[in-house]
*Asks:* 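Pasting in a structure now, in structure tokens, and then I'll have a few things to ask.
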Amino acid sequence: MTGRLLLTIAHRLAILAYIVFALFPLFWLLKVSVTPNDLLYSEGVRLWPSHATLDHYRFVLENSAFPTFFKNSLIVAGSTSVAVTALSSLAGYALSRFRFRGKYALVALMLITQMFPLVMLVAPIFKMLSPLGLTNSLTGLVIVYTAFNVPFATFLMQSFFDGIPKDLEEAAMIDGASRFVAFRQIILPLTLPGIAATLGFVFTAAWSELLFALMLISGNASATFPVGLLTFVSKFSVDFGQMMAAGVMALIPACLFFLLIQRYLVQGLTAGAVKG
Amino acid sequence: MASIALSRVGKSFGTVSVLNEVDLAIEDGEFIVLVGPSGCGKSTLLRMIAGLEEITTGTLTIDGERVNERRPKDRDIAMVFQSYALYPHMSVADNMSYSLRLRRRSKEIIAQAVSAASAKLGLDPYLERRPKALSGGQRQRVAMGRAIVRKPKAFLFDEPLSNLDARLREQMRAEIKRMHGELGATSVYVTHDQIEAMTLASRIVAMNAGAVQQIGAPLDLYDRPANLFVAGFIGSPGMNFLEGRCEQGADTSAVVLPKGFRLPLPLRIPAADGEKVTLGIRPEHVTVDAQQGEIEAAVELVEPTGLGVILHLLVHGEPFKLFSTDRALIRSGARLRIGLPRERLHLFDQAGNRMAAL
Ligand SMILES: Nc1ncnc2c1ncn2[C@@H]1O[C@H](COP(=O)(O)OP(=O)(O)O)[C@@H](O)[C@H]1O
Ligand SMILES: [Mg+2]
């Protein structure tokens, strides 16, 4: 009896330790963002500054281009996640349900695209986008992000479709639905957890992408938030307070987004567990 | 209501042929049961009728019209799946009305059709529930309800009862039969269970390894199986087989069993002298006779079934079954003598085909 209790306690403690470990950087982010500049170094290791301030937030919102970065990131991450999810759910369905010529070659090709270090592709992509006028543009970023995320998202969606019995859409087709109607009315609603997971995954990936955003965009007008963060680094100093304040605010949409899809996500992650 | 005809219908997956040259004419209102061991191609055949599987060769007609290329949604056929395939995100009522909603029927017509079907199937208390909150038997009924609400040309069933327990299966079997009596709709029913086939079918199509073995009324298949496969498949416990050689006499033949035992037959059979033949007799037709019994058998195992008793015997070293309603046999000793009534014997030639009527 006491053995079980001890085990439970040890288990909880281990989880707690993990949570502390995982969330500590986030806490530090928050802490630095409310620490006045003069206390930043003098009270460097204190868990909470002796006097907190929202000055950094005010400054970032009023005097920096951060609101623009924020808006740009929202547009890019939002469009990318919607575009990728739409494409990958159709492609994933096809991979899950149809036999067609060249299917395995296609899958292999999609896998290969995932193997290149992105750095290698920056130059050629720049070369391609520049004559099209797609550098320095949010559209260009959306296209590049979509292209990079579709293969993985397709495999993800395929695995979700694989989990849904074929019988269901066959029953729907016999009931009088075309394949597309069966897909939309029967299969898609059952894949909502998968769609939520894909949306979330792609949204965060696009939200935090730095390499291409840095290489393809110059100037503040179409910079995204990760690029914008770098503007707080000047030649001689780093304005940690403002950088962290911007960072905290950048977390908000991601958190909101996950809150929104959380219900479906949990369903999706535990779908295998509850299937009777 | 419809007639369905298959003419030399075949199916291959890639280079693997799973069905060859199936010919079958189903008349309006018939209840056809496709029966055969697992993997023989029953589901594939049914799915080709439904339009879920392409037809590789041959022609499928519904009401005289060729429908090989017609999409499932345009064939106006309903199907009950083994897995039931209920839409998990819809209530029972929505599951049943889905086909009518796709056809944009009016609200009143839909409500009427759903309540008629649910009353018939006893689903009234569950109309608002999701499938996952139903028992297996209730799900099965919803699947049936979904098929009957739309009054299709024909019903297809793919092992609809195989996920139910024995008692429920028996009950649903009777209900399906009664429903067919009421609706009189053309039905094609797939099962591997020969009892379901016998009890439900107006005609049975016995299949093995992608080929039709025999088509006929249930009792036809029972009384006059066309070959060894059908003889062994239909009936439970299964038919006994004894291999022997034909010995032709002047006007009559005899079969000589391996141990030299000679079984005279009352007539001449169309086989060459010395040709291999197989004798078949159903366990329920074997007689026990302590004095007159012609063959001596060793009792291996006694299985009382309540209705009667199944004896597992060894006849000349070969397993042999006997079924009798005589309970006294439960206490039969280690040996007994059995008789093989000639009028109950089935004879099959070298190729396994039915040879003669005795
Ligand atoms: N999609 C498929 N691809 C390849 N072979 C298949 C496919 N579907 C069924 N088969 C094969 O066809 C044969 C008949 O299958 P099926 O019609 O399901 O048998 P049954 O319903 O009589 O058990 C089996 O050998 C099976 O492996
Ligand atoms: Mg089957």
Side-chain angles (χ1 to χ4, degrees), chain A residues 89 93-105 107 157 159-197 261 263-276, chain B residues 13-14 43 46-47 49-54 70-90 94-105 130-136 139 142-143 145-150 152-160 163:
Chain A
S89 55
Y93 181 78
L95 286 186
S96 167
R97 294 298 200 255
F98 301 138
R99 290 150 50 110
F100 50 88
R101 205 165 301 158
K103 178 170 171 177
Y104 293 99
V107 169
M157 286 308 297
S159 72
F160 280 101
F161 288 123
D162 284 345
I164 295 178
K166 240 177 156 169
D167 285 1
L168 287 183
E169 75 235 55
E170 290 181 346
M173 289 195 286
I174 285 178
D175 266 350
S178 64
R179 186 172 276 278
F180 184 73
V181 169
F183 174 71
R184 197 163 49 79
Q185 297 186 345
I186 306 295
I187 304 303
L188 268 194
L190 298 175
T191 328
L192 281 183
I195 289 175
I261 63 174
R263 193 163 70 89
Y264 300 109
L265 209 53
V266 172
Q267 260 180 32
L269 296 175
T270 58
V274 294
K275 200 174 168 216
Chain B
F13 290 106
S43 296
L46 195 74
R47 291 165 54 81
I49 298 175
L52 296 173
E53 212 71 77
E54 270 176 37
R70 199 175 285 178
R71 289 187 295 176
K73 73 188 269 274
D74 302 320
R75 294 192 186 191
D76 194 18
I77 278 176
M79 179 159 165
V80 178
F81 291 76
Q82 181 174 7
S83 65
Y84 312 143
L86 302 179
Y87 312 129
H89 57 304
M90 293 184 192
D94 286 346
N95 260 282
M96 294 207 285
S97 64
Y98 184 62
S99 60
L100 298 177
R101 285 183 284 137
L102 283 172
R103 286 174 176 72
R104 307 199 187 289
R105 293 287 142 78
R130 292 282 168 87
K132 69 163 180 276
L134 299 176
S135 70
R139 287 180 203 181
V142 177
R146 193 169 63 180
I148 62 175
V149 285
R150 45 182 270 227
K153 279 188 180 163
F155 289 102
L156 307 180
F157 301 86
D158 193 352
E159 312 218 9
N163 290 338

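Letters go in sequence order (proteins before strands), and every chain restarts at 1. Only a predicted model underlies this, so the values are computations on that prediction, with no experimental measurement involved.
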*Asks:* Looking at A:I174 and B:A50, what are the two nearest heavy atoms and their distance?
*Replies:*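 That would be CD1-CB, 3.9 Å.
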*Asks:* Just to verify, what does A:F98 make a ring pair (Phe, Tyr, Trp, His ring centres under 6.0 Å) with, not counting sequence neighbours?
*Replies:*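 Once residues adjacent in sequence are excluded, the partners of A:F98 under the ring pair (Phe, Tyr, Trp, His ring centres under 6.0 Å) criterion are A:Y93.
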*Asks:* Put together the list of donor-acceptor pairs under 3.5 Å connecting chain A with chain B, please.
*Replies:*
unit_1 : atom_1 : unit_2 : atom_2 : d
A:D167 : OD2    : B:S83  : OG     : 2.4
A:E170 : OE1    : B:R47  : NH1    : 2.7
A:E170 : OE2    : B:R47  : NH1    : 3.4
A:E170 : OE2    : B:R47  : NH2    : 2.9
A:A171 : O      : B:Y87  : OH     : 3.4
A:A172 : N      : B:Y87  : OH     : 3.2
A:M173 : O      : B:K73  : N      : 3.4
A:I174 : O      : B:R150 : NH1    : 3.0
A:D175 : O      : B:R103 : NH1    : 2.8
A:D175 : OD2    : B:Y87  : OH     : 2.8
A:Q185 : O      : B:H89  : NE2    : 3.0
A:Q185 : OE1    : B:Y98  : OH     : 2.7

*Asks:* Select one option (side chain, backbone, both, neither) describing which atoms of A:I186 are under 4.5 Å from chain B's heavy atoms.
*Replies:*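 Both backbone and side chain of A:I186 come within 4.5 Å of chain B.
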*Asks:* Using non-hydrogen atoms only, which part of B:L156 is less than 4.5 Å away from chain A: side chain, backbone, both, or neither?
*Replies:*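 For B:L156, no heavy atom lies under 4.5 Å from chain A.
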*Asks:* Could you pull out the closest heavy-atom pair between B:P88 and A:L168, with the gap in Å?
*Replies:*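 Minimum heavy-atom separation between B:P88 and A:L168: CD-CD1, 3.9 Å.
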